[in-house]
Each structure stands twice: as C-alpha cells, then as structure tokens.
Novice: 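Handing you this structure, nothing more for now.
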Amino acid sequence: MTSQPRSVSGVEMRKRQAAHIEAPPQAPGQPRPNTCCLCWCGCCKCLWNEDRLERSERQTCTKMDSIEATEEQYPSLEEVLSWARSFEMMLRSLEGREVFQEFLRSEYSEDNLLFWLACEELKKETNPTVVEEKARIIYEDYVSILSPKEVSLDSRVREGINLTLAEPSNLMYEEAQFQIYTLMHRDSFPRFLNSTVYRDLLANRRRACLDT
C-alpha cells in the first residue's frame, strides 16, 4: 500500500515559518540562509532588512563625518583677521593661500602665486635629479618665452635664470621668486583685503562666532 504524503496543518506551518524567520544570524564567513518571504515588506526580523538598515546607518554616519570635517576646515576669525596684518602669515596658511588664489584668479594673475609656490617646493628638494626635473618644469611653465602661463618677471631676472639652466639648483629661482613676492605684496594684497572675497569671508566668520 502506497503511503500518502502527510498534510501539514496550518498551526504546524506557522511554527515552521516562525522558526525560519527567528533563526539566529549566521556567524561571519558562513553562507547566508534564505531570507524570509516577507523581506519585501520590511519585516523587522528579516536578515536582509537588518543588513539594509545597518548599511544605511553607516552611510549616514559617514556623510555626517564628511560634513563635519569640511566645516572644520574653515579658518577661524582670528586667523582671517591675522591675514590683514601679515602678508607672510596669509601665504603660510593653507586656507589663506586658497582664498588669495581665488582673488588672483578673478584678476587673471593666479600664475604669480602658482610660480611662487612651485619655487617654494623646489627649495625643499635635495635630490639633484628631482631638482633638475622640477627646475625644468618651472622654466617651461612660467619663465620661457613660450611658457603657457604669465608671470610678471622683468627681462634682467629672466636672463639670469637662462644663465643657470646648464647647472640648475634648488635656489636658481630665488631672485625671481622674491620679485613675484614683492609684486603680490605691494600690488595684489591691498586689493585683496578690499575685495568681496576677503570681506565676505570675514563677515561669515564673524557671524559664525556670534552664533556659537
């Protein structure tokens, strides 16, 4: 006599479903069990849903950390005020250079600052091979008559640089760098302090202090 498959009662079926839904999560590295059939509805005990919520929380925290890190990069009111007292202090500040560069870009004289920064990097080099390579790049970018960038150097300084090309050194642009520094200090810097770029930043920092 052939045995017939035993029917499963409604109560027993619910017990099996409950056991499947409430099964403890697998240890890390173990294959994931099949999720429950209710995962599409956001069942709170569904493993798929738990992972989704956890992933969403991690992404939210990461975004908040990123926003906080960005806000912390703003210069303080004291630092912004110090730039007006010292051109040198502004140039030594990363935020100061970025704001000053934004202003110079509006006057089409950004290359002066970029040249000064490139010379600063060259002075730090001690490896002869690196010095020669960086010196060549600076010359081609800023000094050569065919250079794509415009730097306000007089003919005497340019000629002095041409004489040192055969034996480049990390200080070969020192005179040219000083000339650009003086130009930015005397000409561009006073206009920067009266520009909307600087004044708006100063006003924003003052408001931020009042809000805290």
Side-chain angles (χ1 to χ4, degrees), residues 67-126 130-131 133-165 168-212:
I67 293 173
E68 292 175 358
T70 301
E71 292 176 347
E72 291 174 357
Q73 292 176 359
Y74 284 114
S76 65
L77 174 61
E78 292 75 14
E79 185 175 4
V80 175
L81 288 171
S82 72
W83 300 345
R85 297 191 297 268
S86 172
F87 178 64
E88 178 72 15
M89 187 173 296
M90 184 198 67
L91 283 184
R92 298 302 173 187
S93 163
L94 174 60
E95 292 82 3
R97 291 196 304 270
E98 291 176 347
V99 177
F100 187 51
Q101 183 175 348
E102 179 184 348
F103 166 75
L104 292 178
R105 189 180 300 118
S106 69
E107 293 199 336
Y108 304 98
S109 57
E110 178 186 12
D111 292 338
N112 286 334
L113 178 60
L114 296 178
F115 171 76
W116 185 87
L117 292 172
C119 294
E120 283 292 287
E121 289 300 315
L122 177 63
K123 289 194 296 187
K124 299 174 184 177
E125 293 294 344
T126 57
V130 178
V131 167
E133 177 67 13
K134 287 192 173 184
R136 179 186 60 80
I137 293 174
I138 292 174
Y139 182 81
E140 293 176 352
D141 284 351
Y142 301 100
V143 182
S144 170
I145 59 175
L146 301 176
S147 61
K149 301 176 182 179
E150 298 181 3
V151 178
S152 303
L153 295 175
D154 60 39
S155 58
R156 181 188 62 82
V157 172
R158 289 180 186 273
E159 183 61 27
I161 293 173
N162 289 334
L163 296 175
T164 62
L165 286 177
S169 72
N170 60 348
L171 299 177
M172 64 178 290
Y173 295 108
E174 194 168 35
E175 185 177 5
Q177 185 187 19
F178 179 73
Q179 186 177 83
I180 293 301
Y181 177 94
T182 303
L183 176 66
M184 292 190 298
H185 188 191
R186 295 179 178 177
D187 187 43
S188 302
F189 185 56
R191 292 199 303 274
F192 165 72
L193 296 179
N194 289 318
S195 70
T196 56
V197 173
Y198 177 75
R199 290 183 176 276
D200 288 349
L201 176 61
L202 185 60
N204 288 336
R205 291 296 86 203
R206 282 172 171 161
R207 283 197 295 269
C209 288
L210 293 176
D211 292 340
T212 56

Novice: Using a strict threshold of under 4.0 Å (side-chain N to carboxylate O), is an ion pair present between Glu120 and Lys123?
Specialist: yes
Novice: What distance do Thr196 atom OG1 and Leu201 atom CG have between them, rounded to the nearest 0.5 Å?
Specialist: 11.0 Å
Novice: Inspect the surroundings of CZ in Arg92 and state if more than 12 heavy atoms from other residues, nucleotides or ligands are less than 6.0 Å away.
Specialist: yes
Novice: Is there a side-chain contact between Val80 and Glu95, using heavy atoms and a 4.5 Å cut-off?
Specialist: no
Novice: What's the separation between atom CD in Glu102 and atom CG in Leu113, rounded to the nearest 0.5 Å?
Specialist: 12.5 Å
Novice: Going by heavy atoms in the side chains, are Phe192 and Val99 under 4.5 Å from each other?
Specialist: yes
Novice: Side-chain contact, heavy-atom cut-off 4.5 Å: Asn194 with Arg199?
Specialist: yes
Novice: Treating Arg158 as the side-chain partner and Val143 as the backbone partner, does any N or O pair qualify as donor plus acceptor under 3.5 Å?
Specialist: yes
Novice: If only atom types and distance count, is the side chain of Tyr198 paired as donor or acceptor with the main-chain N or O of Arg191 below 3.5 Å?
Specialist: no
Novice: Ignoring hydrogens, what is the shortest heavy-atom contact between Val151 and Asp111? Give both atom names and the distance.
Specialist: CG2-O, 3.9 Å
Novice: Given 3.5 Å as the limit, does a donor-acceptor pair link the side chain of Gln179 with the main chain of Asp154, or not?
Specialist: yes
Novice: Considering only NZ, NE, NH1 and NH2 on the basic side and carboxylate oxygens on the acidic side, decide whether Arg136 and Glu133 come within less than 4.0 Å.
Specialist: yes
Novice: Could you tell me whether the side chain of Leu81 reaches within less than 4.5 Å of the side chain of Arg206, counting heavy atoms only?
Specialist: yes
Novice: Quick check against the 3.5 Å criterion: does Tyr173 have a side-chain atom that pairs as donor or acceptor with the backbone of Ala135?
Specialist: yes
Novice: Kindly indicate whether the side chain of Phe103, heavy atoms from C-beta on, has any atom under 4.5 Å from the side chain of Ser106.
Specialist: yes
Novice: To check you understand the geometry: which heavy-atom pair defines the closest contact between Leu183 and Ser152, and what is its length?
Specialist: CD2-CB, 3.4 Å
Novice: Would you mind reporting whether Leu202 and Leu77 have side-chain heavy atoms less than 4.5 Å apart?
Specialist: yes
Novice: Angle between ring planes, Phe87 versus Phe100, binned at 30° and 60°: parallel, tilted or perpendicular?
Specialist: perpendicular
Novice: Search all heavy atoms of Cys119 against all heavy atoms of Ile138 and return the closest pair with its distance.
Specialist: N-CD1, 4.2 Å
Novice: Please confirm whether the backbone N or O of Ile180 pairs with a side-chain atom of Asn112, one donor and one acceptor, at under 3.5 Å?
Specialist: no
Novice: Could you check whether atom CD of Glu107 has more than 12 heavy atoms from other residues, nucleotides or ligands sitting under 6.0 Å from it?
Specialist: yes
Novice: Got Arg85 and Ser82 here, is their nearest side-chain heavy-atom distance under 4.5 Å?
Specialist: yes
Novice: Check the pair Met172 / Leu165 against side chain to side chain contact (heavy atoms under 4.5 Å, CB included), numbers first and verdict last.
Specialist: CA-CA 8 Å; Met172 64 178 290; Leu165 286 177; 4.0 Å; yes
Novice: Mind listing the closest non-hydrogen atom pair of Ile161 and Ala176 along with its distance?
Specialist: CD1-CB, 3.8 Å
Novice: How many angstroms lie between NE2 in His185 and CG in Leu91, if you round to the nearest 0.5 Å?
Specialist: 9.0 Å
Novice: Please report the interatomic distance NZ(Lys149) to CZ(Phe115), rounded to the nearest 0.5 Å.
Specialist: 11.5 Å
Novice: Roughly how far apart are Trp83 CH2 and Leu193 CG, rounded to 0.5 Å?
Specialist: 10.5 Å
Novice: Please report the interatomic distance CG(Leu122) to OG(Ser169), rounded to the nearest 0.5 Å.
Specialist: 7.5 Å
Novice: Is the backbone N or O of Leu104 less than 3.5 Å from a side-chain atom of Glu110, with the two atoms forming a donor-acceptor pair by type?
Specialist: no
Novice: Does the side chain of Leu114 come within less than 4.5 Å of Gln101's, by heavy atoms?
Specialist: yes
Novice: Do we see a donor-acceptor contact under 3.5 Å between the side chains of Tyr181 and Glu88?
Specialist: yes
Novice: Salt bridge (Lys or Arg N to Asp or Glu O under 4.0 Å) for Glu159 and Arg156? Distances and angles first, verdict last.
Specialist: CA-CA 5 Å; Glu159 183 61 27; Arg156 181 188 62 82; over 6 Å; no
